[in-house]
Structure formats: C-alpha cells, structure tokens
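Basis for what follows: all heavy atoms, side chains included, without hydrogens, waters or symmetry-related copies.
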Amino acid sequence: MKFKRLFTVAFFCCTFVNAQMANTFYKHDKYLSSDQLEGRFPGTKGNNKAAAYIQKYFKKYGLKEFNNSYYQPFRLFVKEGINKMKSDSVSTQNVLGFVEGSDPKLKNEYIVIGAHYDHWGWGGKGSGSKQKEAFAIHNGADDNASGVSALLCILEKVSQQKIKPKRSIIFISFSGEEEGLLGSKYFVNHLPIPKEAVKVMLNMDMVGRLNDKKELYMGGAGTFPNGVELMQKLQENSGLNPVIHAGDVGGSDHVSFYKESISAVGFHTGGHPQYHTPDDDIDLINSEGGALVSNYIYNALTQIANYEDTLFFIKQN
C-alpha cells in the first residue's frame, strides 16, 4: 500500500512537471514565432528582439557571460530580394553563456547545447522559402522557435540543480543558420575557450512536432564513447521512441562542430509540409511533445556532462 502511494505521488509529480514544462515550452514558442518578430531574419528588428528575449532568460537563469556579454556579434551577406532587403551585409549575433562545472578538473571541459533562432522573415526571391511567390511572414514556430524553446526549458532545469554537472555547459542560440550555418561556423572559428576543451555538442532544430509514434530522431550519437548506448538507455520512462543513428550527422548547426572533429548530436522530430512556408505556426506545435523532448535532452546533457569516461571524438561514415 505504501509503495502504491509513493508510486502515485511520483507519477503525479512527473505529470505535473511535464505539464508545467509544456506550458513553458508553449510560452517561449508563441513569442518567438509571433508576427511581432516578423520571422526573425538576420539584420532585422525581429531578429534582435528574439536575441534580447533569449538573453533575458540566460540572465534570469544565471548563465555566466563570456567577455562581459551574452552576445557574439558577426556580419553576414544578404542576397537581394530576401526579406524586402537590398543586397547588403548585415549585423546579427549569437547569444551565449555558460554554467560552470562543479568538478575542479572537469569544469575545464565544456559541453555545448544549442539551437538557432533565425528564420526566413518575409521570404522572397532568393530565400529558402518553399513558397517563393507568397510574400508573407515565415514565423518558423517549429523551425526553429521550437529548438530555442527546448533550450530555455533545459536551461531552467539546469538552473534548479543544487549541485551543477561536473563539466561546464555552454548554452548558445545561433543566428544565420538558414543562410548556411553561419552563426555556428562563426562560433567554432571564434571560440571563447580552447577548441580542445569542447567535448560534445548537442543541437536541437525542429523539435516541436512530435508525431503519434513519439519518434525523436537523432544523428551523430556514435560520435562520442558509448553515445548510442546512452541514448538507448535514456528511452526508459521517457515517453519517447528515439530513432538513434550513430552517424547520419545531418545538416544543421551541429555539423559545424562535427567538421572540426568535435562530437556532435542533432535532434529533431521530423519534417512536415509546413517546413519553410508561412504556415509553420504555433497552432501546429505539440507543446506536450516538446516537453518530453526537452526532458530527454536534459537527461542526455546532464549524463554527458557527468561522464566518468574520457570524452573524445569518433568519426562516423
């Protein structure tokens, strides 16, 4: 009877936490994919508003700054016609901060977790829109307001830990992903720490449309020791059916790390007809699924940050 009562309490607490995280996930996604931000295209007010929003929560949850700022500014070239812009070079920024590890030695090693926050703005000629004639706001609720929402949910959970993970963790939201992974490339080429200190990168791009089969797809799980086995173990009681690939690293920001021989795993919940169209909106987001995904990746992050074994890069075919 006592065991049954304890199980009931534990189940209720778990359900409550997931419901709470689902609400938080939805709140972040709703703002980031709102018309107010006009598709978050680099160099626009909407992109800067998104960066300011992310920075606000980085500060709220106690992330430390690199070089006295949460911003890492860079410039990128914009093709003429995209987002009502003339051909030009524009300013944008990555948003980043870190949690210092609790182990005196391992805190000098870093795990990076990230998600890009930019999207295609109003679309237009030369953009990545699948509806080039439809000049309308591409809100990108799944691509990739969902990834940033998961990032902020995970950060909130890490901030609540009394004892932080052994290794340090960098939280980063990239700009310029849609133009060719430009923000992550800039970060990797302008690291605020020694390159050899970066051990694993976890990336979330389109994690807001969990399907009925509860499938969370990932590539690159085999790029660090026992990565596939870890991801399989984390499936237990996760409410998810992870589809785990040792290789198949993919095409989002984690690729910038993989190409520099840094272990990298990319997470997503699959493609859909609304990808890169004005129809990728908040009403199609599965916030309960987003909470399950956030919990799973949070557990992966903390397990990797506390790894007893040495972390090193394993190249995949």
Side-chain angles (χ1 to χ4, degrees), residues 2-34 37 50 53-54 56-63 99 113-115 117 139-165 169 171 173 202-218 231 233-243 267-270 272 274 280-303 305:
K2 184 178 179 182
F3 173 79
K4 184 177 180 181
R5 194 182 309 117
L6 286 172
F7 177 80
T8 302
V9 170
F11 178 79
F12 173 79
C13 290
C14 183
T15 303
F16 175 73
V17 168
N18 281 336
Q20 199 172 45
M21 184 177 282
N23 289 335
T24 303
F25 187 97
Y26 181 84
K27 178 189 75 172
H28 292 317
D29 202 308
K30 184 177 181 180
Y31 175 77
L32 291 167
S33 64
S34 66
L37 271 60
Y53 181 87
I54 297 163
K56 178 178 75 174
Y57 284 96
F58 278 15
K59 185 174 182 179
K60 177 180 179 180
Y61 295 130
L63 284 185
V99 175
I113 182 166
Y117 69 92
N139 285 318
D142 190 30
D143 187 12
N144 188 33
S146 68
V148 180
S149 299
L151 184 73
L152 295 177
C153 286
I154 293 166
L155 172 57
E156 182 175 0
K157 288 199 71 171
V158 171
S159 73
Q160 294 166 352
Q161 294 177 328
K162 291 183 179 179
I163 300 177
K164 296 297 185 280
I169 302 171
F171 286 80
S173 195
L202 305 179
N203 185 51
M204 298 162 290
D205 194 347
M206 298 176 62
V207 294
R209 298 281 295 272
L210 189 69
N211 61 29
D212 293 340
K213 295 180 180 179
K214 312 293 185 185
E215 291 171 329
L216 173 62
Y217 304 94
M218 72 187 80
M231 297 304 177
K233 183 179 179 181
L234 291 175
Q235 178 180 352
E236 298 173 12
N237 303 315
S238 69
L240 297 172
N241 292 309
V243 179
F267 299 89
H268 66 96
T269 52
H272 46 74
Q274 294 78 30
D280 182 7
D281 285 324
I282 186 67
D283 59 325
L284 297 173
I285 290 297
N286 180 349
S287 54
E288 291 79 12
L292 291 175
V293 169
S294 298
N295 268 321
Y296 180 94
I297 298 173
Y298 163 80
N299 289 328
L301 173 68
T302 51
Q303 289 274 350

Q: To the nearest 0.5 Å, what is the distance between CG on Leu155 and NZ on Lys60?
A: 10.5 Å
Q: For Asp143, is there any backbone N or O sitting under 3.5 Å from a side-chain donor or acceptor partner on Asp280?
A: yes
Q: Check for a donor-acceptor pair, side chain of Ser33 on one end and backbone N or O of Asp281 on the other, with a separation under 3.5 Å.
A: no
Q: Holding to side chain to side chain donor-acceptor pair (under 3.5 Å), I want the full list of residues that pass it with Asn299, two or more places apart in sequence or in another chain.
A: none
Q: Restricting to side-chain contact (heavy atoms from CB on, under 4.5 Å), what partner residues turn up for Lys27, sequence neighbours left out?
A: Tyr53, Tyr57
Q: Search all heavy atoms of Asn295 against all heavy atoms of Met21 and return the closest pair with its distance.
A: OD1-CE, 3.7 Å
Q: What are the two closest heavy atoms between Tyr296 and Met231, and how far apart are they?
A: OH-O, 2.6 Å
Q: Just jot down the side-chain contact (heavy atoms from CB on, under 4.5 Å) partners of Ala305, sequence neighbours excluded, or say none.
A: Ile111, Pro165, Arg167, Ile169
Q: Can you measure from CG (Asn241) to CG (Leu216) and round to the nearest 0.5 angstrom?
A: 10.0 Å
Q: Measuring from Gln303:CD to Tyr298:OH, what's the distance to the nearest 0.5 Å?
A: 10.0 Å
Q: For a 4.5 angstrom cut-off between non-hydrogen side-chain atoms, does Thr302 reach Gln161?
A: yes
Q: Report the residues that fulfil side chain to side chain donor-acceptor pair (under 3.5 Å) with Tyr61, sequence neighbours left out, ordered by chain and then residue number.
A: Glu156
Q: Just jot down the side chain to side chain donor-acceptor pair (under 3.5 Å) partners of Tyr31, sequence neighbours excluded, or say none.
A: none
Q: Quick one: side-chain contact (heavy atoms from CB on, under 4.5 Å) partners of Lys162, sequence neighbours excluded?
A: none
Q: Does Ser173 use its side chain to pair, donor to acceptor, with the backbone of Ala115 at less than 3.5 Å?
A: yes
Q: Within this structure, what is the CG-NE2 distance for the pair Asn203 and His268, rounded to the nearest 0.5 Å?
A: 10.5 Å
Q: Please list, chain by chain and in numerical order, all residues satisfying side chain to side chain donor-acceptor pair (under 3.5 Å) with Glu288, sequence neighbours excluded.
A: none
Q: Yes or no on side-chain contact (heavy atoms from CB on, under 4.5 Å) for Thr269 and Asn286, after CA distance, side-chain angles and deciding distance?
A: CA-CA 10 Å; Thr269 52; Asn286 180 349; over 6 Å; no
Q: Measure the spacing between OG of Ser287 and CG of Asn18 and express it to the nearest 0.5 Å.
A: 11.5 Å
Q: Does Asn211 have any side-chain contact (heavy atoms from CB on, under 4.5 Å) partners at least two apart in sequence or in another chain, and if so, which?
A: Lys213, Glu215, Tyr217
Q: Taking atom CD1 of Ile154 and atom CG of Leu301, what is their separation to the nearest 0.5 Å?
A: 7.0 Å
Q: Is Leu240 close to Leu210 at the side-chain level, that is, under 4.5 Å between some pair of heavy atoms?
A: yes
Q: Tell me whether Asp283 at atom CG has more than 12 heavy atoms from other residues, nucleotides or ligands lying less than 6.0 Å away.
A: yes
Q: Please list, one pair per line, the donor and acceptor atoms closer than 3.5 Å that link side chains of residues 144-152 to other protein atoms, with sequence neighbours excluded.
A:
residue: Asn144; atom: OD1; partner: Gly147; partner atom: N; Å: 3.0
residue: Asn144; atom: OD1; partner: Met206; partner atom: N; Å: 2.8
residue: Asn144; atom: ND2; partner: His116; partner atom: O; Å: 3.0
residue: Asn144; atom: ND2; partner: Met204; partner atom: O; Å: 2.9
residue: Ser146; atom: OG; partner: Asp142; partner atom: O; Å: 2.6
residue: Ser146; atom: OG; partner: Asp142; partner atom: OD1; Å: 3.1
residue: Ser146; atom: OG; partner: Val207; partner atom: N; Å: 3.0
residue: Ser146; atom: OG; partner: Gly208; partner atom: N; Å: 3.4
residue: Ser149; atom: OG; partner: Asp29; partner atom: N; Å: 3.0
residue: Ser149; atom: OG; partner: Ala145; partner atom: O; Å: 2.8

Q: For Phe267 and Val293, run side-chain contact (heavy atoms from CB on, under 4.5 Å): C-alpha distance rounded to whole Å, both residues' side-chain angles, the deciding distance at 0.1 Å, then the answer.
A: CA-CA 9 Å; Phe267 299 89; Val293 169; 5.6 Å; no
